[in-house]
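Worksheet: the structure to be examined is printed underneath.
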Number of protein chains: 2
Amino acid sequence: MITPELLEKYGAVKKSFDKNEIIFEEGIFPSNYYQILSGEVKMSNYNDDGREFIQGIFYKNQSFGEPPLFLNQKYPANAIAVEDSEIFLLPKVNFIKMLEENPKISIKIIENLAQRLYYKSVMAAEISTQEPEHRVLKLIDHGIAYFNFQKDKNGYLINFTRQQIGDLTGLRVETVIRTIKALEKKGELKIINRKVYR
Amino acid sequence: MITPELLEKYGAVKKSFDKNEIIFEEGIFPSNYYQILSGEVKMSNYNDDGREFIQGIFYKNQSFGEPPLFLNQKYPANAIAVEDSEIFLLPKVNFIKMLEENPKISIKIIENLAQRLYYKSVMAAEISTQEPEHRVLKLIDHGIAYFNFQKDKNGYLINFTRQQIGDLTGLRVETVIRTIKALEKKGELKIINRKVYR
DNA sequence: CTTGTTTTATGATTTAAGTCATAAAATACA
DNA sequence: TGTATTTTATGACTTAAATCATAAAACAAG
């Protein structure tokens with residue numbers, strides 16, 4: 001997260017996106033650095049028959065879409081507002097200038113990329129070798145540490161829909177629903193009027 | 001890739017690893033920066049029943065295992081020498097000092113992490129939504145761009161075993177063998193005495 | 001408040017990839 | 001050079017998750 005003051009000093013502008021509005025699309029070349037001021041954004045892919053895979057979900061103060069910006073490559077996925085969102089856009093040249101003039105920002109960027117790489121490593125191994133219950137629990141436990149799940153008397157509220165869990169783990173909704181029920185039966189999590197707690 | 005001179009200036013030491021020797025293990029805390037001088041290294045996970053998932057394969061001049069080093073987190077996977085290898089080890093404190101004193105290195109690190117994140121994004125979407133033929137072709141095409149595949153009169157030689165392709169794509173050997181045959185039949189690749197070309 | 005949409009839910013059925021068994025060819029190695 | 005191990009290969013069979021169908025509950029929007 002880069003402070004709004006610094007972003008604005010280098011010419012970042014605020015832009016509003018409606019719920020479900022596309023922020024950028026797979027296949028286009030990046031021209032901005034994006035950082036969320038408010039709202040929620042997902043990055044995802046759609047395969048040929050419309051099946052979605054969610055690469056990640058991002059919240060307030062988080063940035064997204066940097067890798068292709070640094071590599072001059074096309075975006076490998078779409079960015080879509082999950083809620084009405086306000087986002088800082090900083091043009092690439094200004095962003096690079098900011099990095100050059102503020103070496104400490106580089107360290108922040110590195111830590112951020114490292115964190116995302118870590119998540120992807122863990123989930124990649126899960127998705128390709130583990131069974132549904134393991135995958136879902138791993139996602140949830142990661143979410144408790146890194147997404148903004150709130151804790152109350154029932155435990156952490158997992159505020160993902162079953163569909164989202166499926167799209168993040170490579171499972172179908174029905175499988176997620178059945179898996180969550182099985183995990184409840186085993187005492188790994190609680191379902192209180194359809195909401196999932198851990 | 002950081003030049004050997006700079007690495008040595010900050011106290012990096014060369015270490016030899018035999019084929020199949022473990023360089024570091026999942027679950028331990030990082031204490032070094034690793035960069036390959038010669039040889040080949042894989043990072044991989046093993047699930048409960050011994051099934052392997054290869055996170056990535058690294059060659060001469062490439063570094064690996066940085067994310068947990070920056071995050072002070074445990075390694076999420078094992079690093080193993082695929083061939084006899086010589087590797088530079090630079091202790092963490094020296095590495096951090098080197099970064100602070102050489103801001104341009106940060107940019108290189110960022111680009112490297114960005115590249116790996118890009119690969120993981122692409123493969124994650126493949127593994128969770130695409131069928132075997134699509135997955136295998138994507139891996140191969142990525143490999144042509146980023147692994148050291150050599151081109152000859154038959155095309156690019158894909159110097160991965162069927163098992164490795166399986167462990168990189170989350171498929172079983174038999175499935176990979178059948179998939180490669182199907183792809184050959186469709187003219188997507190060639191098999192010349194058991195070697196795969198594209 | 002009513003209506004339309006999304007989310008959760010469950011049962012029956014299908015299927016693609018995994019598993020198991022077995023073996024030949026190639027390669028490593030001692 | 002001979003033996004052991006790894007890699008590629010194929011057929012038969014099993015199975016876990018996907019698919020399909022259908023619906024109730026919850027939520028959102030006008």
Side-chain angles (χ1 to χ4, degrees), chain A residues 18-20 40 42 47-54 80-84 126-137 139 157-185 189-197, chain B residues 18-21 40 42 47-54 80-84 126-137 139-140 157-185 189-197:
Chain A
D18 293 334
K19 182 175 176 176
N20 296 324
E40 187 179 336
K42 71 174 172 184
N47 78 353
D48 302 331
D49 32 67
R51 184 166 176 192
E52 184 175 13
F53 174 72
I54 300 178
I80 297 166
V82 177
E83 302 292 342
D84 290 355
E126 283 293 316
I127 288 171
S128 52
T129 68
Q130 303 288 8
E131 40 191 51
E133 292 187 16
H134 204 281
R135 284 196 224 182
V136 168
L137 267 192
L139 175 76
L157 169 63
I158 311 308
N159 63 341
F160 281 155
T161 65
R162 315 292 198 260
Q163 183 65 62
Q164 284 178 320
I165 293 174
D167 293 342
L168 283 158
T169 55
L171 299 167
R172 310 253 72 172
V173 215
E174 298 95 323
T175 305
V176 173
I177 289 167
R178 287 166 185 142
T179 301
I180 286 178
K181 298 237 149 141
L183 286 168
E184 189 203 19
K185 198 164 279 176
L189 31 84
K190 278 177 268 186
I191 304 177
I192 298 164
N193 60 29
R194 298 176 158 215
K195 292 191 196 318
V196 179
Y197 293 87
Chain B
D18 292 335
K19 181 175 177 175
N20 295 325
E21 192 178 342
E40 187 179 337
K42 71 175 172 185
N47 78 353
D48 302 331
D49 32 68
R51 184 167 177 193
E52 184 176 12
F53 174 72
I54 301 177
I80 298 166
V82 177
E83 300 293 341
D84 291 354
E126 283 293 316
I127 288 172
S128 51
T129 67
Q130 302 287 8
E131 38 191 51
E133 292 187 16
H134 204 282
R135 285 196 223 181
V136 169
L137 268 192
L139 175 77
I140 287 174
L157 169 63
I158 311 308
N159 62 341
F160 283 154
T161 65
R162 315 295 197 256
Q163 183 65 62
Q164 284 178 319
I165 293 174
D167 293 343
L168 283 159
T169 55
L171 298 167
R172 311 253 68 171
V173 215
E174 299 95 322
T175 305
V176 173
I177 289 168
R178 288 166 184 141
T179 301
I180 286 178
K181 298 238 149 143
L183 286 168
E184 188 203 20
K185 198 164 279 178
L189 30 84
K190 277 176 269 186
I191 304 177
I192 298 165
N193 60 30
R194 298 178 157 214
K195 293 191 195 321
V196 179
Y197 293 87

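Chain A is the first sequence line, chain B the second, and so forth, proteins listed ahead of strands; every chain is numbered from 1.
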Tell me: [atom1] of [X] to [atom2] of [N], nearest whole Å?
X        : N      : atom1 : atom2 : result
A/Ile191 : C/dT8  : CD1   : P     : 10 Å
A/Glu184 : C/dT8  : CD    : P     : 14 Å
B/Asp18  : C/dA28 : CG    : C1'   : 15 Å
A/Ile180 : C/dT10 : CD1   : P     : 12 Å
A/Ile127 : C/dA17 : CD1   : P     : 17 Å
B/Glu131 : D/dT19 : CD    : C1'   : 15 Å
B/Asn20  : C/dA28 : CG    : P     : 13 Å
A/Lys195 : C/dT8  : NZ    : C1'   : 12 Å

Short heteroatom pairs, N/O only, protein and nucleotides 18-20 of chain C, under 3.5 Å:
residue	atom	partner	partner atom	Å
C/dG18	OP2	B/Arg172	N	3.4
C/dG18	OP2	B/Thr175	OG1	2.4
C/dT19	OP2	B/Arg172	NE	3.4
C/dT19	OP2	B/Arg172	NH1	2.3
C/dT19	O4	B/Arg178	NH1	3.4
C/dC20	N4	B/Glu174	OE2	3.2

Under 3.5 Å, N/O pairs linking protein and nucleotides 22-24 of chain D:
none

In the structure I gave you, are the side-chain heavy atoms of [X] and [Y] within less than 4.5 Å of one another anywhere?
X        : Y        : result
A/Lys195 : A/Leu157 : yes
B/Val196 : B/Leu183 : no
B/Asp167 : B/Gln163 : yes
B/Val176 : B/Phe160 : no

Looking only at non-hydrogen atoms, find the nearest pair between [X] and [Y] and report the distance.
X        : Y        : value
A/Glu52  : A/Ile54  : OE2-CG1, 3.9 Å
B/Glu184 : B/Ile191 : OE2-N, 3.5 Å
A/Thr129 : B/Asn47  : O-ND2, 2.9 Å

Is A/Arg162 close enough to C/dT7 that one of its side-chain N or O atoms is under 4.0 Å from OP1 or OP2 there? no
Less than 4.0 angstrom between a side-chain N/O of B/Lys181 and OP1 or OP2 of D/dT10, yes or no? yes
Checking B/Leu168, B/Thr169, B/Ile127 against B/Phe53 for side-chain contact (heavy atoms from CB on, under 4.5 Å), the one that qualifies is B/Ile127
Of the listed nucleotides (C/dA9, D/dA17, D/dA9), which one gets closest to any side-chain atom of A/Pro132? D/dA17
If you check the B/Ile177 side chain, which of C/dT8, D/dA17, D/dT8 turns out closest? D/dT8
For B/Tyr197, give me all partners under ring pair (Phe, Tyr, Trp, His ring centres under 6.0 Å), at least two apart in sequence or on another chain. none
